Each structure stands twice: as C-alpha cells, then as structure tokens.
S.K.: 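First the structure, then my questions, so here it is.
Predicted model, so just to flag it, every value in this text is computed and none were measured.
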Amino acid sequence: MNAPDERRPRRPLPRRIHPPLVAGLTAVALIRPLCSITGLSDALGKPAAPLVLTAAISLTWILVVGLGTAREPVPTLVAAGLGYALAVLVLSAVLSPLLTGRLQGPLAHPISIVPLFAVNALWGALCGVCAGGLRRMRGRRS
C-alpha cells in the first residue's frame with residue numbers, strides 16, 4: 001500500500017511544443033508585415049499580396065510541421081500563431097511611431113488586441129489540423 005505522502009520519482013512530462021521551432025515559424029510569418037513596411041505589398045497589389053503571403057506562410061507552416069518531427073502539430077502551430085500576434089503587437093508599437101510619427105496598430109485600438117490573438121490562434125489551429133492530416137496521409141501518427 002502506498003502512503004499518500006510517499007514520494008515516487010516522477011518522469012518529466014514530454015515536451016509537446018519545441019520553442020525554437022515556434023520561434024522559427026513565427027519569424028516566417030513576420031514576412032507579411034515586413035513586406036507591408038517595405039512597400040512590397042503595395043507593389044504587388046492589394047488584396048492579392050496579403051492573401052498570397054498568408055497562403056505561402058500557411059503552406060510553409062503546414063509543410064514544416066507536417067513533414068517534420070514536431071510532436072503536436074496543433075499546439076505547435078497555435079503557439080506560432082500566438083507568437084506572431086505578440087510580435088505584431090510589439091513591432092507595431094515600436095515601429096509605427098518611428099515610421100509614421102504616431103502610434104498605429106493594435107495598441108492604438110485596444111479593442112482589437114483580443115481579436116488579433118484569437119484570429120492568429122485560429123489560423124495556427126487550422127494549419128495544425130492540416131499538418132496533422134499531412135502526417136496521417138504519410139502514415140505517421142501525430
């Protein structure tokens with residue numbers, strides 16, 4: 001019989017999310033605001049440029065996670081989506097006053113902060129489901 005206060009050695013929980021992978025996926029997504037800041041999005045034309053960039057980023061996320069070794073595709077890509085939202089929030093707070101002379105973006109409109117994180121978490125979740133599907137198609141369990 002085990003006493004309630006008896007200490008058993010605990011195995012560490014498996015790491016479900018790999019922070020360097022999430023950081024890399026977040027960096028890939030930052031291509032979109034970078035293209036906007038540099039004017040490349042305007043040169044390519046709107047609304048095509050943001051849609052094409054979002055599709056390219058999504059495809060990259062799905063392929064990297066779906067073909068890679070990440071243990072949990074959905075949580076990994078939700079974390080990447082949330083990381084992207086946080087990066088956009090910080091970058092807009094820092095860069096908009098420098099580039100335009102006034103605060104723009106989510107911090108200028110605080111009501112948009114929660115939807116920013118929700119939409120990007122949903123984006124990551126959808127990509128994660130697709131990456132999981134890719135793994136199943138390849139015969140590999142997520």
S.K.: Does CG belonging to Leu98 count more than 12 external heavy atoms closer than 6.0 Å?
M.R.: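 Enclosed.
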S.K.: Just verifying a value: how many Å separate Leu103 CG and Leu107 CG, rounded to the nearest 0.5 Å?
M.R.: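 Going from the CG atom of Leu103 to the CG atom of Leu107 covers 6.0 Å.
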S.K.: Quick check for you: to the nearest 0.5 Å, what is the distance between Arg135 atom CZ and Leu67 atom CG?
M.R.: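 Going from the CZ atom of Arg135 to the CG atom of Leu67 covers 9.0 Å.
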S.K.: Considering all heavy atoms of both residues, which atom of Pro50 and which atom of Gly45 are nearest to each other, and what is their separation?
M.R.: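 Nearest pair, atom of Pro50 first, then Gly45: CD-O, 4.3 Å.
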S.K.: Looking at CD1 of Ile62 and CG of Leu134, how far apart are the two atoms once the value is rounded to the nearest 0.5 Å?
M.R.: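 These two atoms lie 8.5 Å from each other.
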S.K.: Which pair of non-hydrogen atoms, one from Thr26 and one from Ala87, has the smallest distance, and what is that distance?
M.R.: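 Closest heavy-atom pair between Thr26 and Ala87: CG2-CB, 4.4 Å.
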S.K.: Which pair of non-hydrogen atoms, one from Ile113 and one from Pro106, has the smallest distance, and what is that distance?
M.R.: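 Taking Ile113 first and Pro106 second, the nearest heavy atoms are CG1-O, 3.8 Å.
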S.K.: With the 4.5 Å side-chain cut-off for hydrophobic clustering, are Leu86 and Leu116 part of the same group?
M.R.: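 Yes, Leu86 and Leu116 fall within the same hydrophobic cluster.
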S.K.: Whether the side chain of Thr100 engages the backbone of Pro97 through a donor-acceptor N/O pair (distance < 3.5 Å, no angle test) should be reported.
M.R.: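 Answer holds: no.
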S.K.: Heavy atoms only: give me the nearest Ser36-Ser41 pair and the separation to one decimal.
M.R.: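 Heavy atoms only, the tightest pair is N-OG, 3.6 Å.
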S.K.: Apply side chain to side chain contact (heavy atoms under 4.5 Å, CB included) to residues Ile57 and Arg32 and explain how you reach the verdict.
M.R.: CA-CA 8 Å; Ile57 292 163; Arg32 188 169 177 219; 3.9 Å; yes
S.K.: Assess the residue pair Val78 and Val74 against the criterion (side chain to side chain contact (heavy atoms under 4.5 Å, CB included)); give the C-alpha distance rounded to whole Å, side-chain angles, the decisive distance to 0.1 Å, and a yes or no.
M.R.: CA-CA 6 Å; Val78 167; Val74 174; 4.1 Å; yes
S.K.: Between Ala70 and Val65, which heavy-atom pair has the shortest distance, and what is it?
M.R.: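 For Ala70 and Val65, the tightest heavy-atom pair comes out as CB-CG1, 4.1 Å.
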S.K.: Do the side chains of Leu95 and Leu40 join up, straight or via other hydrophobic residues, at under 4.5 Å, putting them in one cluster?
M.R.: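 In one cluster with Leu95: Leu40, no.
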S.K.: Examine distances only and state if a side-chain atom of Thr38 and a backbone atom of Cys35 form a donor-acceptor pair shorter than 3.5 Å.
M.R.: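 Yes: the side chain of Thr38 pairs with the backbone of Cys35.
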S.K.: If you group Ile, Leu, Val, Met, Phe, Trp and Tyr by side-chain heavy-atom gaps below 4.5 Å, do Leu126 and Leu21 land in one group?
M.R.: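 Result: no, two separate clusters.
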S.K.: Return the CG to CG distance between Leu30 and Leu91, rounded to the nearest 0.5 Å.
M.R.: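 Interatomic distance, Leu30 CG to Leu91 CG, rounded to 0.5 Å: 6.0 Å.
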S.K.: Can you name the nearest heavy-atom pair linking Ala49 to Leu44, along with the distance?
M.R.: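 Where Ala49 meets Leu44 most closely, the heavy atoms are CB-CB, 3.8 Å.
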S.K.: Looking only at atom types and distance, does a side-chain atom of Arg138 sit under 3.5 Å from a main-chain N or O of Gly133, one as donor and one as acceptor?
M.R.: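 Not a single qualifying donor-acceptor pair exists.
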S.K.: Hey, does the side chain of Thr54 reach the backbone of Leu51 with a donor-acceptor pair shorter than 3.5 angstrom?
M.R.: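 No, because the side chain of Thr54 does not come within donor-acceptor range (under 3.5 Å) of the backbone of Leu51.
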S.K.: Under the 3.5 angstrom rule, does the side chain of Ser96 hit a backbone N or O of Gln104 as a donor-acceptor pair?
M.R.: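 Yes.
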S.K.: How long is the span from the CD1 atom in Ile31 to the OH atom in Tyr84, to the nearest 0.5 Å?
M.R.: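 Reported value, rounded in 0.5 Å steps: 10.5 Å.
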S.K.: Between the main-chain N or O of Leu77 and the side-chain N or O of Trp61, is there a donor-acceptor pair closer than 3.5 Å?
M.R.: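 Flag not set: sc Trp61 to bb Leu77 has no pair under 3.5 Å.
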